[in-house]
K.L.:
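Quick one: the structure is below, and I'll ask about it shortly.
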Amino acid sequence: MSASRSAPRVFVDRPLAAGAEITLGDDAARHVARVLRCRPGDALTLFDGSGAEFAGSLASVGRRGVVIRLAERRDVSVESSLGITLIQGVARGDRMDTVVQKATELGVRRIVPLLSEFSVVRLDAERAEKRRQHWQRVAASACEQCGRNVLPSIDSPVSLPELLAAAIPATAARLLLLPSAPTALPAAADGPGAVELLVGPEGGLSGDEIELAKNHGYRAVSLGPRILRTETAAIAALTVAQALWGDLGAARR
């Protein structure tokens, strides 16, 4: 049995294997049974974030829960050749969810939520971990939609000094978005294989943070004459980077 590529995709947070039967967790079961309204025999595609996907079918919905029967494993990759790390100032409300969702769709490999001096959002350790887990679920949902079988990693929120103190020497093009920068993003690098993109929160980065970033090899770049909201800036910059150096617009094989 082989599920078509149009079959609904479901992320499962545990290892999968061809031929197995699995019972979905509460959230995934609710999505399959109540949102997608799947019925026994319907085709599904499941993935566990490790890089492969599995054809499957809905075996049953009942007291045992929602049971999926897995068929063949498929090694399908839509990952970008450009390794992008997004260091994103934590934004208020659902703005951060939007950044995580769209960054995942645009192929980012790692997201580092940044707590800067001017951040409106303040998180203690417990709340920070809850938010990280929430953002990981947002990323998983985005992977279901866009066809990725590898989830981006999402770090715990961190300050810029903490991040840079722990950073290994850069092998990526380090770019800092600043509206006042004289260099446009397209002119900032020449065919890099990896990019670290630093975007401040709603209040921007402080002068000390900007200098710290520059001292660690980040080059200030702009996206044009208009000042963009933090979520708009991140999405626009990622789109430009993928169009210039990644796979955005590449022919599908």
Side-chain angles (χ1 to χ4, degrees), residues 1-62 64-86 97-111 132-155 193-194 235 238-239 241-243 246-253:
M1 168 264 186
S2 177
S4 72
R5 288 290 293 160
S6 60
R9 290 168 45 82
V10 180
F11 171 69
V12 177
D13 189 18
R14 62 181 183 273
L16 300 176
E21 281 195 354
I22 66 164
T23 301
L24 297 182
D26 291 344
D27 290 343
R30 190 178 304 109
H31 182 68
V32 167
R34 299 183 184 178
V35 178
L36 298 177
R37 298 183 181 276
C38 292
R39 297 291 181 265
D42 286 353
L44 296 162
T45 297
L46 275 67
F47 66 103
D48 59 13
S50 64
E53 64 184 30
F54 294 80
S57 62
L58 180 57
S60 63
V61 179
R64 291 177 56 200
V66 175
V67 179
I68 307 295
R69 184 176 297 113
L70 300 179
E72 75 272 13
R73 170 191 170 108
R74 300 189 294 237
D75 292 313
V76 178
S77 176
V78 295
E79 296 302 301
S80 175
S81 59
L82 179 65
I84 305 179
T85 294
L86 173 63
D97 288 8
T98 297
V99 172
V100 171
Q101 181 190 69
K102 302 309 177 187
T104 300
E105 293 176 16
L106 287 165
V108 163
R109 294 185 188 177
R110 178 188 176 199
I111 299 173
R132 189 198 66 79
Q133 293 177 8
H134 169 76
W135 293 324
Q136 196 70 72
R137 291 192 294 271
V138 171
S141 179
C143 285
E144 290 177 341
Q145 184 276 326
C146 73
R148 290 183 68 176
N149 289 321
V150 178
L151 270 63
S153 63
I154 300 182
D155 292 16
I235 295 165
L238 292 173
T239 302
Q242 285 286 33
D247 63 355
L248 193 63
R252 189 169 183 176
R253 293 180 178 86

K.L.:
How far does CH2 of W135 sit from CD1 of I154, to the nearest 0.5 angstrom?
P.N.:
8.5 Å
K.L.:
Counting N and O atoms only, with roles assigned by atom type, does the side chain of S141 sit under 3.5 Å from a partner on the main chain of R137, one being a donor and the other an acceptor?
P.N.:
no
K.L.:
Can you give me the closest heavy-atom contact between T239 and L106, atom names plus distance?
P.N.:
OG1-CD1, 3.7 Å
K.L.:
Over all heavy atoms of both residues, which pair between G246 and L82 is shortest? Give the atoms and the distance, please.
P.N.:
CA-CB, 3.9 Å
K.L.:
So V32 and D42, do their side chains get closer than 4.5 Å, heavy atoms only?
P.N.:
no
K.L.:
With a 4.0 Å cut-off on N to O distance, would you call D27 and R30 a salt bridge?
P.N.:
yes
K.L.:
Shortest non-hydrogen contact from V150 to C143?
P.N.:
O-SG, 3.8 Å
K.L.:
Taking the side chain from N149 and the backbone from V76, do they hold a donor-acceptor pair closer than 3.5 Å?
P.N.:
yes
K.L.:
Taking atom CG of D75 as the centre, report whether more than 12 heavy atoms of other residues, nucleotides or ligands fall under 6.0 Å from it.
P.N.:
yes
K.L.:
Can you list everything that forms a salt bridge (charged side-chain N to carboxylate O under 4.0 Å, His left out) with D97? Sequence neighbours excluded, please.
P.N.:
R131
K.L.:
My understanding is that only one of L86, T85, T104 makes a side-chain contact (heavy atoms from CB on, under 4.5 Å) with P152; could you say which?
P.N.:
T104
K.L.:
Between V67 and I22, is a side chain to side chain contact (heavy atoms under 4.5 Å, CB included) present by the stated rule, with each step listed?
P.N.:
CA-CA 6 Å; V67 179; I22 66 164; over 6 Å; no
K.L.:
Without swapping roles, check the side chain of R109 against the backbone of S80 for a donor-acceptor pair under 3.5 Å.
P.N.:
yes
K.L.:
Would you confirm whether R9, through its side chain, and R148, through its main-chain N or O, come within 3.5 Å as a donor-acceptor pair?
P.N.:
yes
K.L.:
Looking at CG of L58 and CD1 of I68, how far apart are the two atoms once the value is rounded to the nearest 0.5 Å?
P.N.:
4.5 Å
K.L.:
With sequence neighbours left out, what residues match Q101 under side chain to side chain contact (heavy atoms under 4.5 Å, CB included)?
P.N.:
E105, V138, A142
K.L.:
Does Q242 reach the side chain of I84, with side-chain heavy atoms less than 4.5 Å apart?
P.N.:
yes
K.L.:
Report, one line per pair, each donor and acceptor closer than 3.5 Å where one atom sits in a side chain of residues 10-18; sequence neighbours left out.
P.N.:
from	atom 1	to	atom 2	distance (Å)
R14	NH2	T23	O	2.5

K.L.:
Ignoring hydrogens, what is the shortest heavy-atom contact between L36 and P8? Give both atom names and the distance.
P.N.:
CD1-CB, 3.6 Å
